[in-house]
Amino acid sequence: MLACAPLADGGYALQELTEQGDAVGPRRLARPDELAGFSAADRWLWACTVDDYPALIAAGVHVPRCHDIAVVERILLGRDGVFGDPTWPGAVVARAQGRPVPAGSVAVGTDEMPALFDLPGAAGPPDPAVDPIELLRDAYLDQRRRAGSDRALALLLAAECGSALAAAEMGAVGLPWRPDIHLAVLDELLGPRPPAGVRPRTLAALAAEIDAAFGFPVNPDSAVDLRGAFRRVGFDIDSTRSWVLKGIDHPAVAPLLQYKELSRLHTANGWSWLDQWVTGGRFHAEYLSGAVVSGRWATRGGGALQIPRVLRQAVVAQPGHRLVVADAAQLEPRVLAAISGDVALQRISADVDLYAGLAADGFGGDRATAKVAMLGAMYGQTTGEGGRLVGTLRARYPLAMGCVDDGARAGERGDIVHSVLGRACPPPGDYWEAVRIGRQQDATDAERRRADRLAGDRGRFTRNFVVQASAADWAAVWLAGLRSTLGDVPGAELVFFQHDELIVHVPSAAAERVAALIEDAADAARRMVFPGSAVATPVRPVIVERYADAK
DNA sequence: GCCGGAGGCGCC
DNA sequence: AAAGGGCGCCTCCGGC
């Protein structure tokens with residue numbers, strides 16, 4: 001294991017360590033352009049992949065595996081109910097020794113201080129008396145001790161460290177993106193690019209239509225204005241969400257819905273987005289693995305996890321290459337089947353289309369209804385059709401429904417829940433005081449209602465957490481496993497990952513092989529994350545030139 | 001003028 | 001079919 005610490009002078013300290021933390025061989029110092037000389041190292045130890053890996057990637061170093069102190073610390077602290085505390089090695093060691101975390105230090109790449117600021121030396125202590133390699137080693141040994149021999153936790157930590165490597169590489173390599181196709185889409189839907197601050201032609205025309213339909217001027221970008229306008233024409237709505245508008249019979253609705261859709265494209269993924277995020281035919285986002293409490297990824301800038309479907313046609317493989325697009329179909333209900341031990345639902349999970357299987361099993365073949373019911377169960381829907389249908393599921397799959405219901409009750413009590421591999425959800429925040437007050441004998445009706453609402457919100461969060469976080473566990477193991485096997489395929493690049501879906505860009509001749517590796521990795525993840533379970537977590541790799549052709 | 005929250009909507 | 005979970009990002013808007 002090669003410990004690697006950036007130094008204040010821009011260079012690096014490197015030290016080979018045994019798994020027990022003992023130094024092997026001499027301490028080395030390297031300038032950034034000398035890092036390629038360390039490519040043979042199989043496993044790296046460093047403070048934070050988000051901060052430390054990009055420079056190595058730029059130097060041409062591929063890191064097969066790592067131990068990321070920050071990633072591991074975040075998970076370990078979370079299991080102790082601590083969220084948002086500093087995770088850099090000095091903080092880890094200080095906590096281990098019962099000392100206060102040194103003041104003035106800044107944790108980079110964590111929630112409280114995004115790497116955005118990138119202060120020099122921020123990832124480590126400014127104290128020159130402390131040897132950065134020793135600090136790394138001490139933090140590593142403390143984390144190993146705290147992680148103990150929990151097999152599931154070890155798998156989670158390894159998968160999260162691998163995911164962090166994948167995230168950094170993915171941001172660096174970028175998603176193939178054809179600006180010419182993107183521009184053609186914008187031109188077709190919005191018209192020619194207008195000067196800054198001017199509405200594109202299509203939006204201007206729709207705004208005029210909306211004004212004409214109301215008979216007075218309205219700013220369609222303002223929810224306040226719109227609500228007032230609809231009130232004036234006899235519709236008292238408390239939101240202008242599109243599903244609310246769809247229930248209104250008024251000539252302004254149709255152009256307004258169209259306006260909202262196109263305006264969204266213009267502001268979120270229009271010309272300025274293209275200018276800002278696409279360079280050299282690639283969309284470079286900054287991916288943050290495990291940044292969501294459930295373990296899902298987040299991105300900073302570019303909105304890479306919200307690419308609208310209409311722009312997937314701009315994601316095109318380079319000449320001589322293909323995209324292998326794979327998603328884990330209906331992952332969350334399958335994960336629920338596994339973690340709850342519900343054999344009946346596990347049996348359904350063998351179907352390629354789980355919802356169709358559900359429908360045949362208890363919903364008279366009505367797939368749409370079965371899907372609504374299952375989503376309602378996982379999200380905590382209580383009203384309407386979805387809420388009513390959960391009863392049918394409860395009768396047929398009592399273990400699965402019991403699992404999410406238990407999760408909800410734990411949340412309503414203020415308790416913690418965990419993912420299958422042991423990621424903890426955050427404890428309730430300051431608002432829980434209001435729940436406590438509202439549950440006292442002498443609480444007012446208003447206090448009771450507030451407590452019920454807050455506890456209900458918390459229950460829906462924990463209900464969903466057990467499923468969403470366990471799905472994220474599976475996906476991280478899938479991704480990290482695939483990443484390690486892709487090393488044997490020349491030219492294969494992981495270029496996209498979105499919760500339960502990934503894309504590999506690969507020379508055409510190797511596409512079939514990559515598709516097989518993706519399926520193998522999914523099967524391995526199923527066995528490791530859900531050992532002994534009969535659940536199926538199939539993935540469907542599709543080999544295409546354009547992302548839009550994958551579905 | 002700055003800033004944070006709200007509203008809204010894209011993705012899963 | 002109804003509006004339940006998680007995010008990021010944009011604009012608007014009200015408070016300072």
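Atoms considered below: every heavy atom in the structure, side chains included; atoms not considered: hydrogens, waters and symmetry mates. Residue numbers start from 1 in every chain, and the chains themselves are labelled A, B, ... in the order their sequence lines are given, proteins ahead of strands.
As judged by a 4.0 angstrom heavy-atom cut-off over every strand, A:Q498 is placed among residues touching the sugar-phosphate backbone only. Residue contacts shown for A:R463 are absent, as no nucleic acid heavy atom lies under 4.0 Å away. Residue-level contact check: A:R460 touches the backbone only, with heavy atoms under 4.0 Å from sugar-phosphate atoms and none from bases. A:V292 comes within 4.0 angstrom of sugar-phosphate atoms only, judged by non-hydrogen atoms across all strands, and of no base. Counting non-hydrogen atoms under 4.0 angstrom, A:R312 reaches the backbone sugars and phosphates but no base. At the heavy-atom level, A:T299 lies under 4.0 Å from the strands shown only through sugar-phosphate atoms. As judged by a 4.0 angstrom heavy-atom cut-off over every strand, A:T369 is placed among residues making no nucleic acid contact. Contacts of A:I307 with the nucleic acid, taken as non-hydrogen atoms under 4.0 Å apart, involve only primed sugar atoms and P, OP1 or OP2.
Between the side chains of A:Y431 and A:D457, not a single donor N or O lies within less than 3.5 Å of an accepting N or O. For the 3.5 Å distance criterion, the side chains of A:D221 and A:Y259 qualify, holding a donor opposite an acceptor. Looking at A:W177 and A:H182, their side chains do bring a donor and an acceptor atom within 3.5 Å of each other. A donor-acceptor contact closer than 3.5 angstrom is absent between the side chains of A:Q313 and A:D549. Counted by atom type alone, A:S222 and A:N219 present zero donor-acceptor pairs between their side chains at under 3.5 Å.
The interatomic distance linking A:M378 (CE) with C:dG5 (C1') rounds to 9 Å, in whole Å. Straight-line distance from the CD atom of A:E332 to the C1' atom of C:dC7: 13 Å, rounded to whole Å. When rounded to the nearest whole Å, the span between CD of A:E501 and C1' of B:dC11 equals 10 Å. Atom CG of A:N464 is separated from atom C1' of B:dC12 by 11 Å (rounded to the nearest Å). The CD-P distance, from A:Q468 to C:dC7, rounds to 7 Å in whole Å. Summarising the geometry, the separation between NZ on A:K371 and C1' on C:dG4 is reported as 15 Å, rounded to the nearest angstrom. Straight-line distance from the CG atom of A:L454 to the P atom of C:dG5: 13 Å, rounded to whole Å. Taking atom NE2 of residue A:H499 and atom P of nucleotide B:dC11, one finds them 11 Å apart after rounding to whole Å.
DNA chain B is contacted by A:S242, A:K260 of residues 242-261 of chain A, taking any non-hydrogen atom closer than 4.0 Å. Contacts between residues 398-432 of chain A and DNA chain B, defined by a heavy-atom separation under 4.0 Å, are absent. Near-neighbour residues of DNA chain B inside residues 218-239 of chain A, defined by a heavy atom below 4.0 Å, number-ordered: A:A223, A:S239. For residues 192-211 of chain A, proximity to DNA chain C is found at no residue, defined as any non-hydrogen atom under 4.0 angstrom from a strand atom.
The salt bridge (charged side-chain N to carboxylate O under 4.0 Å, His left out) test with A:E332 singles out one residue from A:K371, A:R463, A:R296, and that residue is A:R296.
Side chain of A:W273 to main chain of A:G302: a donor-acceptor pair is present (N/O by atom type, distance under 3.5 Å, no hydrogens or angles). Put simply, the side chain of A:W271 never gets that close to the backbone of A:H266: no donor and acceptor are under 3.5 Å apart. With hydrogens and angles ignored, the 3.5 Å screen pairs a side-chain donor or acceptor of A:H284 with a backbone N or O of A:G171. With A:S419 contributing its side chain and A:R423 its backbone, the two residues share a donor-acceptor pair below 3.5 Å. Counting only distance, with no hydrogens or angles, the side chain of A:R334 and the backbone of A:A329 share a donor-acceptor pair below 3.5 Å.
At least one side-chain heavy atom of A:F461 sits under 4.5 Å from a side-chain heavy atom of A:P426.
Residue pairs meeting the side-chain hydrogen bond (donor to acceptor under 3.5 Å, both in side chains) criterion with at least one member in residues 207-217 of chain A: none, sequence neighbours excluded. For the side-chain hydrogen bond (donor to acceptor under 3.5 Å, both in side chains) condition, the pairs that include at least one residue of residues 232-244 of chain A, sequence neighbours left out, are A:R231-A:D236.
Distances shorter than 4.0 Å separate none of the side-chain N or O atoms of A:R264 from OP1 or OP2 on B:dG7.
A stacking contact between A:Y379 and C:dG4 is absent: the pair does not combine a ring-centre distance of less than 5.5 Å to the base's six-membered ring with planes differing by less than 30°.
Under the 6.0 Å cut-off for aromatic ring centres, A:H250 and A:F214 qualify, their centroids lying closer than that.
Heavy-atom distances to DNA chain C give each of A:G380 and A:V372 a nearest nucleotide, and the one nearer the 5′ end belongs to A:V372.
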